[in-house]
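Count residues from 1 along the sequence.
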Amino acid sequence: QVQLVESGGGSVQAEGSLRLSCVASGYTISNYCMGWFRQAPGKEREGVATISASGRSTDYADSVKGRFTISRDNAQNTLYLQMNSLKPEDTAMYYCAADPGFCPRKADDYKYWGQGTQVTVSS
C-alpha cells in the first residue's frame, strides 16, 4: 500500500522557520516527481513547490520564492520543505504529493497524497 506521511508542522511566529518532512512507504520516491501543496480554509488548494525525480529541476510559487526550499533524499525516501521568513499568509494545511511522471502543473493530476500537516503563523 502506497503511503505518504507529513510531519514538522506547528505554530510559529512571523519570520520564524519550520521544516516539513514527507516519508513515503510502499514505493521508492526516486521514480516520482514530488511536490508540496497547501490549502487554507475557504481557499483553493495551491501549489507551493515541486521537484523532479532526479532532483535536478525545481519550481516554486511566486509567493514563496526566496523563502522556501524543496529538497529530497531518495536514499531515505523522504521529501522536505524548508520554510524561512514565514508570514501569516503562509498559514494552511500542507500536503505532500507524488506522481509517476513529469511534474504535473495541476494538483488534480498528482496520483498520491498525504493527509497533511498544519502550519500556523502568528503575527
Side-chain angles (χ1 to χ4, degrees):
Q1 186 175 11
V2 175
Q3 291 185 327
L4 298 173
V5 180
E6 302 96 334
S7 63
S11 298
V12 298
Q13 293 184 322
E15 300 186 3
S17 298
L18 284 174
R19 190 191 193 199
L20 306 184
S21 298
C22 171
V23 180
S25 62
Y27 68 102
T28 56
I29 67 169
S30 61
N31 297 320
Y32 293 80
C33 168
M34 300 194 72
W36 288 99
F37 297 80
R38 66 186 182 187
Q39 186 169 24
K43 296 185 178 180
E44 299 283 337
R45 181 171 297 190
E46 63 175 345
V48 176
T50 60
I51 185 167
S52 64
S54 68
R56 291 192 291 269
S57 180
T58 59
D59 192 32
Y60 296 89
D62 289 341
S63 60
V64 306
K65 286 182 178 177
R67 299 189 298 121
F68 291 9
T69 302
I70 188 171
S71 62
R72 63 194 298 157
D73 185 341
N74 288 347
Q76 296 294 320
N77 227 29
T78 304
L79 176 74
Y80 301 99
L81 183 68
Q82 179 66 47
M83 304 185 293
N84 298 326
S85 301
L86 284 162
K87 304 175 181 180
E89 49 263 47
D90 294 319
T91 296
M93 184 72 76
Y94 283 71
Y95 298 90
C96 170
D99 193 78
F102 190 74
C103 293
R105 293 181 179 275
K106 299 180 179 180
D108 289 346
D109 292 333
Y110 281 79
K111 187 174 183 179
Y112 302 110
W113 290 86
Q115 293 185 330
T117 184
Q118 180 68 41
V119 171
T120 302
V121 184
S122 60
S123 60

Next item on the list: Check Lys87 against Val121 and note the closest heavy-atom contact, atom names and distance.
Entry: O-CB, 3.3 Å

Item checked: Interatomic distance, Ile51 atom CD1 to Asp59 atom CG [nearest 0.5 angstrom] -> 11.0 Å

Next item on the list: Search all heavy atoms of Ala92 against all heavy atoms of Ala40 and return the closest pair with its distance.
Entry: CB-N, 3.9 Å

Check: Residues in ring-ring contact (aromatic ring centres under 6.0 Å, His included) with Tyr110, at least two apart?
Finding: Phe37

Checklist line | Reference residue Ile70; test side-chain contact (heavy atoms from CB on, under 4.5 Å); the match among Thr58, Val64, Val48 | finding: Thr58

Check: Hey, is CD on Gln82 packed in by over 12 heavy atoms from elsewhere, all under 6.0 Å?
Finding: yes

Checklist line | Exercise: identify the closest heavy-atom pair between Gly114 and Tyr95 | finding: O-CD2, 3.6 Å

Note to self: Using a 3.5 Å distance criterion without hydrogens, assess whether the side chain of Glu6 forms a donor-acceptor pair with backbone atoms of Gln115.
What the structure shows: yes

Check: Is there a donor-acceptor pair under 3.5 Å between the side chain of Ser52 and the backbone N or O of Ser57?
Finding: yes

Next item on the list: Evaluate the side chain to side chain contact (heavy atoms under 4.5 Å, CB included) criterion for residues Leu86 and Phe68: first the C-alpha distance (whole Å), next the side-chain angles of each, then the deciding distance (0.1 Å), finally the verdict.
Entry: CA-CA 9 Å; Leu86 284 162; Phe68 291 9; 3.9 Å; yes

Checklist line | Closest approach of Thr117 to Gly8 (non-hydrogen atoms, all atoms of both residues) | finding: OG1-N, 4.3 Å

Checklist line | Partners passing salt bridge (Lys or Arg N to Asp or Glu O under 4.0 Å) against Lys65 (at least two apart in sequence or in another chain) | finding: Asp62

Next item on the list: State whether the side chain of Trp113 and the backbone N or O of Leu4 hold a donor-acceptor pair below 3.5 Å, judged by distance alone.
Entry: no

Checklist line | Exam field: side chain Arg45 to backbone Asp108, donor-acceptor pair closer than 3.5 Å | finding: no

Next item on the list: Give, for atom NZ of Lys111 and atom SG of Cys33, the distance between the pair rounded to the nearest 0.5 Å.
Entry: 14.0 Å

Notebook entry, point to check: Measuring from Tyr27:OH to Tyr112:OH, what's the distance to the nearest 0.5 Å?
Noted result: 7.5 Å

Check: Between atom OG of Ser123 and atom CD of Glu89, what is the distance when rounded to the nearest 0.5 Å?
Finding: 10.0 Å

Margin query: Looking at Gly66, is its backbone amide N or carbonyl O close enough to the side chain of Tyr60 to form a donor-acceptor pair, meaning the two atoms are under 3.5 Å apart?
Written below: no

Notebook entry, point to check: Are Tyr32 and Val2 grouped together when hydrophobic residues (ILVMFWY) are joined by side-chain heavy atoms under 4.5 angstrom apart?
Noted result: yes

Next item on the list: Evaluate side chain to side chain contact (heavy atoms under 4.5 Å, CB included) for Tyr94 paired with Met83, printing each intermediate quantity in order.
Entry: CA-CA 12 Å; Tyr94 283 71; Met83 304 185 293; 3.9 Å; yes

Item checked: Heavy-atom pair with the smallest gap, counting every atom of Met34 and Cys96 -> CE-SG, 3.7 Å

Next item on the list: Please assess Leu20 against Val119 for the test side chain to side chain contact (heavy atoms under 4.5 Å, CB included), listing each intermediate value before the final yes or no.
Entry: CA-CA 9 Å; Leu20 306 184; Val119 171; 4.1 Å; yes

Checklist line | Interatomic distance, Arg67 atom CZ to Ser17 atom OG [nearest 0.5 angstrom] | finding: 10.0 Å

Checklist line | All pairs passing salt bridge (Lys or Arg N to Asp or Glu O under 4.0 Å) where residues 32-41 contributes a residue, at least two apart | finding: Arg38-Glu46, Arg38-Asp90

Note to self: If we ignore hydrogens and angles and just use 3.5 Å, is the side chain of Asn77 paired with the main-chain N or O of Val23 as donor and acceptor?
What the structure shows: no

Next item on the list: List the atom of Asn31, the atom of Ala53, and the distance in Å for their closest heavy-atom pair.
Entry: C-CB, 4.1 Å

Notebook entry, point to check: Looking at CG of Asp99 and OG1 of Thr50, how far apart are the two atoms once the value is rounded to the nearest 0.5 Å?
Noted result: 11.0 Å

